[in-house]
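A short write-up of the structure that comes next.
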Amino acid sequence: MLHLFDTAAGKVIPFEPRQPGRVSMYVCGPTVYGPPHLGHGRFSLVFDVLRRYLLWSGLEVDYVSNITDIDDKIINRANTEGRDWSDIAEKCESVWWRAMDAIGVMRPTSDPHATDYVEQMVELIADLITRDVAYVSDDGVYFSPSVVSDYGLLARQTIESMQAGARVEVADHKHSPIDFALWKFVKPGEPSWPSPWGEGRPGWHTECVVMSLDLLGDGFDLHGGGQDLAFPHHENERAQAVAAGRTFARHWMHNGFVEVGGEKMAKSLGNFTNLLDLVESTDPRAYRLLVLRSHYRSPVEVTRASTDDAAAALRRLDSFARRVASAQLPSAMPDPTALAEFVRAMDSDLDTPAAVAQLFGLVTEVNSALDSGDTATAAALAAVVAEICAAVGLVLDAGGSEIPAEVLERAAARDTARAARDFAASDAIRDALIAEGWIVEDTATGTQVRPA
RNA sequence: GGCGUCGUGGCCGAGUGGCUUAGGCAGGGGCCUGCAAAGCCCCCCACGUGAGUUCGAUUCUCACCGACGCCUCCA
């Protein structure tokens, strides 16, 4: 059974879905005001791996991930650039999906937009006011988390200890520094929606409450996102849901940061690398492998060196895939022992580093079996490799890409020369092909050529 | 100030009270090959500092040093 670290519990606990055989997960998506960076890529990959693993395990997965398409940052950028806020949101969203597609992240089963849920948010806010846990101030409607007895659960701190060193300004329009805005009254030039308290727009923390409960229902299984969302974002979502008498997420999962030179990568710090830029300069699969090689709760350093390293490791896997493909192994059931080892690793809080280590170990074993002609062993273990790759979303390149006929002819000419032991001629052909950017390898079936 | 994470070999990155102490990349040697490439085998290089617990600690405890994160927008 899958065990996951639960942020609320502070430890690894069994992951038991609300409904056997079906998992409902909500992963906080992006605010679309700029290009996605490596950090967005990591959380997307982490939860994509979890989703794929659950699917691979035979479960159905309802995967909801939102698009925050109305927010201060979008409005600010619109004002700065003299554009319409919705234009920015739309363009950035399309870039987002392009990046997700590029790194092989499955599309959510549902991708709700904040602007489509404003009415429901207003309903929730009205309910919270009725329950006397929210109040109308001069610039908006605020929520008082202090009414939630276990507020601070996800921050793993009490309200008191958080206030002890509070760097939060006690603004006039708030009763308490920890209060947060549910609704912000409209200012000139801003988009707005109607509400019983006046024209305005929703605060950030409300949308996820409404959308997750609407699409997944009370007590949905898992709520996830980056570590920085645990507090205050998720804490505040949870507080609203609890205050409204709803049952919120059963399990909380947060991934560690992408770092650059030991520092968190973030748009706000200005040290981010655009995800699409990475994908252009590196095989996108290398990023997935890099993410898989470190545990999801640990930080991962993403630099030119680390992506190059992952790309080199990936070449070994691709080379393996080509060899297995050309070996034309008999179909075989995956070796049950090896498969169980993989499941054990993944069930242990998604121990993908162990799974990757096992993957490379299997590659060596299959290569050895192939060297010694033990095709039965090779086939059974190669089948496990295929299973692991499928479960974590790693697609190996077994070649088969179109090689120009002219190049294939020269490869055949090289084989002819070699058969005649005319090595001067065969090496000349090889050197020429290499100079033109091809990788030339001898195999049992003759010269193999592929792009470098 | 409060809360928390981390410090592993040339680099990246797991893990563990003692057992052959992952894996990848790089480096060295060997096998294979006409020569290469790919592959296989072997080797090299460790656990921030100090003290404590223990028969024994890289792994547990404490202190210290250092790095980082959250407490404010942030994946």
Side-chain angles (χ1 to χ4, degrees), chain A residues 10 27-31 33 36-47 71-73 76 152 154-169 177-178 180 204 224-233 235 254-259 261-269 272 289-290 293-295 297-303 305-320 322-323 345 351-361 363-372 418 421-424 426-427 430-431 434 439-443 447-448:
Chain A
V27 178
C28 272
T31 298
Y33 70 102
H37 61 64
L38 265 31
H40 297 103
R42 159 114 111 156
F43 93 73
S44 300
L45 285 166
V46 163
F47 288 98
D71 176 89
D72 288 359
K73 292 187 287 297
N76 289 344
L154 297 174
R156 305 206 64 72
Q157 270 194 89
T158 61
I159 292 178
E160 294 71 42
S161 76
M162 282 187 283
Q163 286 177 321
R167 290 180 283 159
V168 191
E169 297 294 320
I178 61 167
F180 61 88
W204 180 38
Q227 227 148 48
D228 46 3
L229 294 187
F231 190 93
H233 184 53
E235 190 80 55
H254 296 97
N255 65 277
F257 298 127
V258 168
E259 297 186 346
E263 287 200 328
K264 171 184 175 182
M265 173 181 289
K267 282 185 187 172
S268 52
L269 296 178
F272 70 93
L289 186 58
L290 191 57
R293 282 204 311 197
S294 59
H295 186 83
R297 284 190 283 127
S298 301
V300 60
E301 188 79 19
V302 184
T303 58
S306 68
T307 54
D308 282 352
D309 186 85
L314 193 59
R315 280 196 287 278
R316 179 167 158 80
L317 295 178
D318 283 342
S319 173
F320 167 82
R322 285 192 303 275
R323 187 175 184 193
D351 190 355
T352 56
V356 170
Q358 189 199 358
L359 187 64
F360 280 92
V363 165
T364 300
E365 284 186 64
V366 173
N367 276 323
S368 292
L370 248 23
D371 284 348
S372 63
R418 289 189 68 223
R421 301 194 67 77
D422 181 358
F423 297 121
S426 70
D427 287 356
R430 180 171 63 192
D431 291 344
I434 290 171
I439 289 174
V440 183
E441 290 177 357
D442 286 349
T443 69
T447 297
Q448 291 293 315

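In this text the structure is predicted, and so the values were computed from the model without any measurement. Just so it is clear: chains get the letters A, B, ... in the order the sequence lines come, proteins before strands, and each one is counted from 1.
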Within the 4.0 Å heavy-atom criterion, would you say A/Asp427 contacts the bases, only the backbone, or no part of the nucleic acid? base
Give a yes or no answer on whether the side chain of A/Thr352 reaches the backbone of A/Ala355 with a donor-acceptor pair at less than 3.5 Å. no
Partner of B/rA38 under the Watson-Crick or G-U wobble criteria, both distances under 3.5 Å, comes out as none
Counting distance alone, no hydrogens or angles: does the base of B/rG39 have a donor or acceptor under 3.5 Å from a partner atom on the side chain of A/Asp371? no
When you measure from the side chain of A/Ser294, which nucleotide among B/rG13, B/rC70, B/rA38 comes out closest? B/rG13
Looking at every non-hydrogen atom in both residues, tell me the closest pair between A/Arg418 and A/Ser426 and how far apart they are. CG-CB, 3.4 Å
If we take the P atom in both B/rU59 and B/rU49, what is their distance in whole Å? 10 Å
Rounded distance (Å) that lies between atom P of B/rC40 and atom CG of A/Leu370: 10 Å
By the 4.0 Å heavy-atom rule, please label A/Ser306 as base, sugar-phosphate, or nothing. nothing
Whole-Å C1' distance, B/rU8 and B/rA57: 14 Å
Heavy atoms from C-beta onward define the side chain here; which of B/rG34, B/rG24, B/rG23 lies closest to that of A/Arg316? B/rG24
With heavy atoms under 4.0 Å as the rule, sort A/Ala354 into base, sugar-phosphate or nothing. nothing
Distance between P atoms of B/rG30 and B/rA37 (Å, rounded): 13 Å
Using the P atom on both, measure B/rA22 against B/rC44 and round to a whole Å. 12 Å
Closest to the 5' end of RNA chain B, once A/Ser298 and A/Arg430 are matched to their nearest nucleotides, is A/Ser298
Rounded off to whole Å, could you give me the CD-to-C1' distance for the A/Gln227 and B/rC73 pair? 17 Å
Students often get this wrong, so: under 4.0 angstrom with heavy atoms, is A/Ser372 touching a base, only sugar-phosphate, or nothing? nothing
Any strand: nucleotide that pairs with B/rU53 via Watson-Crick or wobble, under 3.5 Å: none
Just how far, in rounded Å, is C1' of B/rG4 from CD of A/Glu235? 15 Å
How close or far is atom C1' of B/rC35 from atom CG of A/Asp422, stated in whole angstroms? 14 Å
side-chain contact (heavy atoms from CB on, under 4.5 Å) between A/Val366 and A/Phe320, worked out: CA-CA 9 Å; A/Val366 173; A/Phe320 167 82; 3.5 Å; yes
Can you tell me the distance, in whole Å, between the CG atom of A/Asn367 and the C1' atom of B/rG23? 15 Å
If you only use heavy atoms from C-beta on, which nucleotide in B/rA75, B/rC73, B/rC68 is closest to the side chain of A/Asp228? B/rA75
Determine the interatomic distance between P on B/rC6 and the same-named atom on B/rG48; round to the nearest Å. 13 Å
Categorize A/Arg418 for me: base, sugar-phosphate, or nothing, with a 4.0 angstrom heavy-atom threshold over every strand shown. base
Could you tell me whether A/Gly361 contacts a base, only the sugar-phosphate backbone, or nothing, with contacts defined as non-hydrogen atoms closer than 4.0 Å? nothing
Just checking A/Arg297: base, sugar-phosphate only, or nothing, at a heavy-atom cut-off of under 4.0 Å? nothing
Please work out which of the three classes, parallel, tilted or perpendicular, describes the rings of A/Phe43 and A/His40, given edges at 30° and 60°. perpendicular
Check every strand shown and say whether A/Val300 touches a base, only sugar-phosphate, or nothing at a heavy-atom separation below 4.0 Å. nothing
Which part of the nucleic acid, if any, lies within contact of A/Thr364, taking any heavy atom under 4.0 Å across all strands shown: a base, the sugar-phosphate backbone alone, or nothing? sugar-phosphate
Measure from the ring centre of A/Phe360 to the centre of the six-membered ring in the base of B/rG23, then say whether that distance is under 5.5 Å and the planes meet at under 30°. no
Separation of atom CZ in A/Phe231 from atom C1' in B/rU5, rounded to whole Å: 18 Å
In whole angstrom, give me the gap between the C1' atoms of B/rG15 and B/rU20. 15 Å
Among B/rC68, B/rC71, B/rG39, the nucleotide that comes nearest once only the side chain of A/Glu263 is considered: B/rC68
Rounded C1' spacing from B/rC65 to B/rC12 in Å: 24 Å
With the side chain of A/Pro232 defined as its heavy atoms from C-beta on, choose the nearest nucleotide among B/rC25, B/rC71, B/rC68. B/rC71
Using both distances under 3.5 Å as the test, list the Watson-Crick or G-U wobble partner of B/rC73, or none. none
Quickly work out the A/His295 NE2 to B/rG15 C1' distance and round it to whole Å. 13 Å
Under 4.0 Å between any heavy atoms, over every strand shown, what does A/Gln448 touch: base, sugar-phosphate, or nothing? Just pick one. nothing
Taking for A/Val363 and for A/Leu229 the nucleotide of RNA chain B with the nearest heavy atom, the one nearer the 5' end belongs to A/Val363
Lys/Arg N to Asp/Glu carboxylate O, A/Asp427 vs A/Arg430, below 4.0 Å: yes
Mind checking A/His233 for me? I need base, sugar-phosphate or nothing, with any heavy atom below 4.0 Å counting as a touch. nothing
If pairing means Watson-Crick or G-U wobble with both distances under 3.5 Å, then the partner of B/rC47 is none
Does B/rC11 pair with anything, Watson-Crick or G-U wobble, both distances under 3.5 Å, and if so, with which nucleotide? B/rG24
Using purine N1 to pyrimidine N3 plus N6-O4 or O6-N4 for Watson-Crick, or N1-O2 and O6-N3 for G-U wobble, each under 3.5 Å, what pairs with B/rA67? B/rU5
Which one, B/rG69, B/rG23, B/rG13, comes nearest to the side chain of A/Phe257? B/rG69
Send over the distance from A/Leu290 CG to B/rA14 C1', rounded to a whole Å. 14 Å
Are any side-chain N or O atoms of A/Glu235 and backbone N or O atoms of A/Leu154, one a donor and one an acceptor, separated by less than 3.5 Å? yes
Would a distance-only check, ignoring hydrogens and angles, find a side-chain to backbone donor-acceptor pair under 3.5 Å from A/Glu301 to A/Gly262? yes
Tell me what A/Asp308 touches on the nucleic acid: a base, only sugar-phosphate, or nothing, going by heavy atoms under 4.0 Å. nothing
So, OP1 or OP2 of B/rC70: does either fall under 4.0 Å of a side-chain N or O from A/Lys264? yes
What is the minimum heavy-atom distance between A/Asn367 and A/Arg323, and which atoms define it? OD1-NH1, 2.9 Å
Quick check on salt bridge (Lys or Arg N to Asp or Glu O under 4.0 Å): which of A/Arg315, A/Arg293, A/Arg316 does A/Asp309 satisfy it with? A/Arg293
To the nearest 0.5 Å, atom CG of A/Asp308 lies from atom CG of A/Leu314 at 12.0 Å
Need one value for A/Arg156: base, sugar-phosphate or nothing, where a base atom within 4.0 Å counts as base even if backbone is also close, heavy atoms only. sugar-phosphate
Students often get this wrong, so: under 4.0 angstrom with heavy atoms, is A/Asp442 touching a base, only sugar-phosphate, or nothing? base
Expressed as a whole number of Å, how far does the P atom of B/rA38 sit from that of B/rG28? 13 Å
